[in-house]
Every structure is written in structure tokens, then in C-alpha cells.
Asks: 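Sharing a structure with you now.
Both counts, for ligands and for their atoms, begin at 1 and track the order of listing. In this text, all values refer to a predicted model and were calculated from it rather than measured experimentally.
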Amino acid sequence: MTSPCRSLKGIAAAPGLAAGPAAVWCEESLSIPRRTGSDPLTENHRLDQARKAVGEEIAELRRKVANEAGEAEAAIFDAHGMFLIDTSLLQRTSQELERGLNAEAAWMDAIEHFAGQLASLPDPTLSARAADVRDVGQRVLRTLLGRSALPGLALKKPSVIVARDLAPSQTVSLEKRLVLAFCTAEGGPTSHTAILSRALGLPAVVGLGRDILEVAEGATLLVDGDRGEAILEPDERSLQAFNERGRQARQKAEAEQARASEPAVTRDGHRVEIVANVGSSADAETALACGAEGIGLLRTEFLYLDRQVAPSEAEQGFAYDSILDIMGQRPVVVRTLDAGGDKSLPYLDLGHEANPFLGWRAIRMCLDRPDFFKTQLRALLRSGAGHDLRIMFPMVSTLEEVRKAKVLLAEAQSEAQAAGHPVAEGVQVGIMVEVPSVAVLADLFAREVDFFSIGTNDLTQYTMAAERTNDRVAHLSDALHPAVLRQIQHVINAGHAAGIWVGVCGELAGDPEGVPVLLGLGLEEFSMAPPLIPRAKAVLRRWTLTEARQLAEEALKLDTARGVRELVQARQPS
Ligand code: PEP
Ligand code: MG
């Protein structure tokens, strides 16, 4: 039993506050028959049938998630489909079947082997995929055992879902209108519970430890997705204080949303551009609803991930058309493929690298594969005809890379025109500033491009030498660190001296404490996840440019990120 009003600390995985009765998702353990001397042909046939049925189930789930959460989130299920036909998994299962093992046991052993390998990988994003393999594995097992669906959690009233960890298919099988929040014992910020709850707009705290599983069914739980806290069995006073905070937060969010489509103008009349980071056409629709004035970062990886062959020019064109059509004449900054790092593509043979974030990724890889790269460039130039298309190259670290990329862009344009296609005209060409070498030489780079978009996520990672997916060094990764801020200042000044515009598309652009500092440094374009737009606009409207300039000037003299955050809080305009 839990003692009254106990607070558990976890990881803030999706923002927001929620209070309600706990619905505890208990796992049903399947008992798996293990027989030797089975007929391999019969067992293989049973397994094939089960995999086929599960393939159809997964396709259905994919459709559901695409509707409820968006294309990028639905892509999780493409990976699930791939596990079903994974050759190494199937080979291992076949070997066991050949030895006379029954289908359930052979499949289970192969899944556990595969999931165990993934779980032991040092990269948390990859190791988190073990949960996906087990999710698919369980589905096939249930089908083999004649239990056609995963046991659902039948919710009767709005509830806070409590579980050890949630597989994506479990998360989406819930009736969304009855889910108030998620609390899980395991999982990190990149777990699927975290990703899906952010997309669904539901608060979530993950990694709360096993104590959360002791909460009694129906007991009241307070979930603080902003601070990463769950309060069990709150007393009357905590409940009231929490409800009051929730009420104020809702009121504030509603007021911000009501003005979301108005421009972001400071109190002294200075206007800045607020645009969105998107990864699909569903995101582009959301961006407009949230008040985006364009797209500041279209991450094109969604077209390339979770598949066995590269997308063709036509296939890419179809996807770019749909996004550009949604955005009409608004500016759309498309980032060329940023693969590598933590995003691997099976068909590109990226190979094993000891330090993938310092390796053969993004523009480095694209320049080494000109034909592959030009397929994307031609598709973009063709789709951009009649739109305000802007192209930017990720992970640039040298001037030679920019020059080579521009040559390939010119070739792609000639090739598309020679094939008789209309292409975009006057396309602005820019680079992401993510590597300190570019920030330091920003004055030289500024002569060769039309804009800079500062990727503060990677710029911080490379400046602080702190891998962005490693929780243990997360405390070093604050983009408000003066070492990063001074580079941002230098990049903005160098850009302006050369007459080009400068934006930020890393997380700092949507961080309420980062926004006034960036304003004061002279930034003109802020690009962020769509749901952050109404709040960022509200923050900008509270400041004058003069106040923000003073703030930035003081921030640049400080020596810690914490110091900068405290300064911003202390200087809030009344
Ligand atoms: C960045 O590095 O700040 C950025 C926006 O790119 P990504 O997060 O996709 O690496
Ligand atoms: Mg980046």
C-alpha cells in the first residue's frame, strides 16, 4: 500500500497537468507451450499465417495513429511491419523449427534474442526499440495461441494510465477521450510513450520507478508533466493547489491560443517571424492552426526512415507537393536529408561508427553519394515551382561542403529542366549552423549563402561535447550556456553584416526563457514545434526590443546557463 500524499519523481516526458483516478495496466503473462518433435512444415505454415494476420493488424493501427497523432508518429508501425519480415529474426526462428521446436517457442526464443541484442546497445534511442520488437513478438504469439488481440484496458471513465511501460500499440488502443495522462515505471524521454503522448497532447511522466505500480486502482493521482512528478493519494490541500495551477495554466493557454494567428510584435513595435518545425503534411496543418507564418525547418528524414529502399524522385515529389500546397505562398525551409547520427538507413550501409554523431552523416554522406542526393534536390526543385521554397544543408562544417552542395543543386536544376519540368525560381539557399567551426567562421560562410538557421540542439551538443541522447550528460546540454550564446551572437552579427537573415530552428527558439534572449541578440526568425508557437508569441509580446537587448547584453557576460535562466526570470517585464 502507498502512504497518503506521496510524491514520486520521474522524467517530464510530455507537458501539462492532469488529475484523476488511476487505471493500472497489469500485464498478462502468456504461458508458452514448448514442444520438441513438431513437424517443421506445419509449424512454419502456422507462423506464416500468424505473421500475416499481425501484419494486417499493424496496418490498421498505423491508419489509426496517422489520423489521431500524425504521419511521423504512425511511422513507428512501419518499423513494426519490418520486424515481421526481418531476415535475421526469421532465419533464427527457422533454425529452431528445423530442430523440431513448435512455432510459439521458436518465435519467442528468436524475439527474446533480438530484443536482448537491441536492449544492450549503448544508444538509448536504439535500445528503446527492444520494446517494439517485444510488442510485435507478443502480437504474433497471441495470434498463434488463438487470442486474437492484445488485452486492452477497458476504461469506463477519464483516467490516468499507469503501467510498467507502454508499447505503442497499447498506447493507441486506448480510447483517447478517456485518457487524462500517462505514468510509467520505466522508459526515458525518447520512449514511445513519451513521443506519442507529446503528439496526442497528453501529459506524461515516465521512469517513475516501480513504486508507481503500487498505486491502488481508482486512487487519485496528480500528474505534473512539466516538472516530471506524480503525487499519489493527495490530501485536500495539495489537490486544491494542483487544481488551481491547472486552471490557471488552461486559462493562459486558451488566451495564448486565441491570439495565435496574430503576428509576434514586441511592445515597441518590432516584428519577428514565427515559423514551425515539421516532419509531415499533418504537422504542416497543425502548424497553421497554431499560428505558424511558414515552415522554418522541414525535416525530410520521415521520407527515408523505416524502409528498405530509398524513396524515388516521384515519391518524394508527392510528399513535398502536399506540404507546399498546404503552405501556399508562405516560406518553406526544407532541410536536405540529415541521416546518420542516431538515424540510420538500412539501404545506405552507414556501417558501424564508434561515434556516429561525429561521423559520416547528413551533408557529409550526401556529398559522397551525389546521385542519391540529386534525387532529393530535383524532387524539391520540381515541387517548389510556384512556391517560396528555401533549401538548407544540415551539419555543414566546411566551406568546401557548401560550395560542392551548391554545384550539385545547380546540376539538379539543369537535369530537371532538361527533362522538361518546371522548377522553383529564386530559391534561397542556406545552411544550418550546428558545428562550432561554422559559427567561428560565420563571416566567411555568410558570403556564400542566403541565410543561416542555427540548430541549437546540435550546436550545444558539439560545443559542450555532451551527446544529446545521453541522459547522464543532459545537465551539460543547455543552449542558454554562454559558450553557445556567444556563438549565436557572432553568427547573427556576421549574418547581418553580410545582409542575410538569421533564424534558430533548435529547441531554444521555442523555450520561453530562450525567446527574449534571442530577440535581444537580434534574431529575426524563430522556428519551433507547432504547439509551442502560441506561447512563444505571447512571450515576445511582453517584451520591448530595448529590454531584450539589455537582457542579452547582460546574459553574454554571465558564466553559467543557470545564471542566464535566473537572469531571464528576474528581468521578466511586468
Ligand atoms: C538542431 O540540431 O538544432 C536541429 C534543429 O536539428 P535536429 O534536432 O533535427 O538535429
Ligand atoms: Mg541538428
Side-chain angles (χ1 to χ4, degrees), residues 72 75 123-125 189-190 194-195 198 274-280 283 287 292 294-305 332-345 350 355-366 376 390-397 401 405 430-439 442 451-470 474 476-481 483-485 487-488 491-492 502-511 514-515 517-518 523 525-530 532-533 536 561:
D123 180 338
T125 312
T190 52
I195 296 169
R198 282 196 289 265
I274 306 292
V275 287
N277 294 353
V278 305
S280 65
D283 287 353
I295 291 175
L297 168 62
L298 169 60
R299 290 186 165 101
T300 54
E301 292 78 67
F302 75 100
L303 278 167
Y304 291 83
L305 296 172
V332 175
V333 180
V334 181
R335 174 175 78 183
T336 60
L337 179 63
D338 186 11
D342 57 342
K343 304 163 209 153
S344 104
L345 303 178
L350 293 169
N355 294 298
F357 279 113
L358 302 179
W360 192 59
R361 55 174 295 199
I363 196 70
R364 303 170 179 186
M365 184 268 288
C366 285
Q376 177 171 41
R390 305 169 184 193
I391 294 179
M392 74 175 167
F393 305 121
M395 272 297 294
V396 168
S397 47
E401 286 168 344
I431 54 170
M432 290 196 69
V433 180
E434 302 178 280
V435 180
S437 63
V438 178
F451 64 92
F452 286 147
S453 183
I454 308 174
T456 48
N457 309 340
D458 276 320
L459 186 60
T460 309
Q461 153 167 267
Y462 297 126
T463 300
M464 307 305 292
E467 217 181 314
R468 56 195 270 193
T469 52
N470 185 341
L476 295 170
S477 302
D478 190 333
L480 279 181
H481 193 284
V484 183
L485 282 186
Q487 291 180 74
I488 297 176
V491 173
I492 295 175
V502 184
V504 165
C505 62
E507 298 300 312
L508 189 65
D511 177 339
V515 166
V517 180
L518 293 174
L523 195 80
E525 187 234 40
F526 295 66
S527 191
M528 64 199 77
L532 303 179
I533 289 176

Asks: Is E507 close to ligand 1, meaning an N/O of one under 3.5 Å from an N/O of the other?
Replies: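 There is no such contact.
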Asks: Any atom of ligand 1 sitting under 4.0 Å from a heavy atom of M432?
Replies: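 The answer is yes: ligand 1 sits under 4.0 Å from a heavy atom of M432.
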Asks: Say you draw a straight line from CD1 of I454 to CD1 of I492; how long is it, rounded to the nearest 0.5 Å?
Replies: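 Going from the CD1 atom of I454 to the CD1 atom of I492 covers 5.0 Å.
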Asks: Write the atom name of the N, O or S atom in E434 that is nearest the Mg ion (ligand 2).
Replies: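 Nearest to the Mg ion (ligand 2) within E434's N, O and S set: OE2.
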Asks: Tell me, please, if D338 has any N/O/S atom, main chain or side chain, under 2.8 Å from the Mg ion (ligand 2)?
Replies: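 It does not: D338 brings no N, O or S atom closer than 2.8 Å to the Mg ion (ligand 2).
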Asks: Could you give the distance from CG (L508) to CZ (F526), rounded to the nearest 0.5 Å?
Replies: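 If we round to the nearest 0.5 Å, L508:CG and F526:CZ are 9.0 Å apart.
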Asks: Going through the distances and angles, do D338 and R299 end up as a salt bridge (charged side-chain N to carboxylate O under 4.0 Å, His left out)?
Replies: CA-CA 8 Å; D338 186 11; R299 290 186 165 101; over 6 Å; no
Asks: Spell out, as yes or no, whether a donor-acceptor pair under 3.5 Å connects the side chain of R364 to the backbone of G359.
Replies: yes
Asks: Rounded to the nearest 0.5 Å, how far does CD of E434 lie from CE of M395?
Replies: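 These two atoms lie 6.5 Å from each other.
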Asks: Give the atoms of ligand 1, by number and element, whose distance to some non-hydrogen atom of T456 is under 4.0 Å.
Replies: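 Once the distances to T456 are compared, the set is 3 (O).
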Asks: Using a 4.0 Å heavy-atom cut-off, say whether R299 meets ligand 1 through its side chain, its backbone, both or neither.
Replies: side chain
Asks: Distance from L297 atom CG to E525 atom CD, nearest 0.5 Å?
Replies: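 Interatomic distance, L297 CG to E525 CD, rounded to 0.5 Å: 9.5 Å.
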Asks: Drop me the distance from S453's OG to R390's CZ, to the nearest 0.5 angstrom.
Replies: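 Answer rounded to 0.5 Å: 11.0 Å.
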Asks: Which of the numbered atoms in ligand 1 are under 4.0 angstrom from any heavy atom belonging to L297?
Replies: 5 (C)
Asks: If the cut-off is 4.0 Å to any non-hydrogen atom of C505, which atoms of ligand 1 fall inside it?
Replies: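 Taking each heavy atom of C505 in turn, ligand 1 has 5 (C) under 4.0 Å.
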Asks: So is R335 touching ligand 1 or not, going by heavy atoms under 4.0 Å?
Replies: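 So R335 counts as touching ligand 1.
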Asks: For the Mg ion (ligand 2), find the closest N/O/S atom on D458 and give its atom name.
Replies: OD2
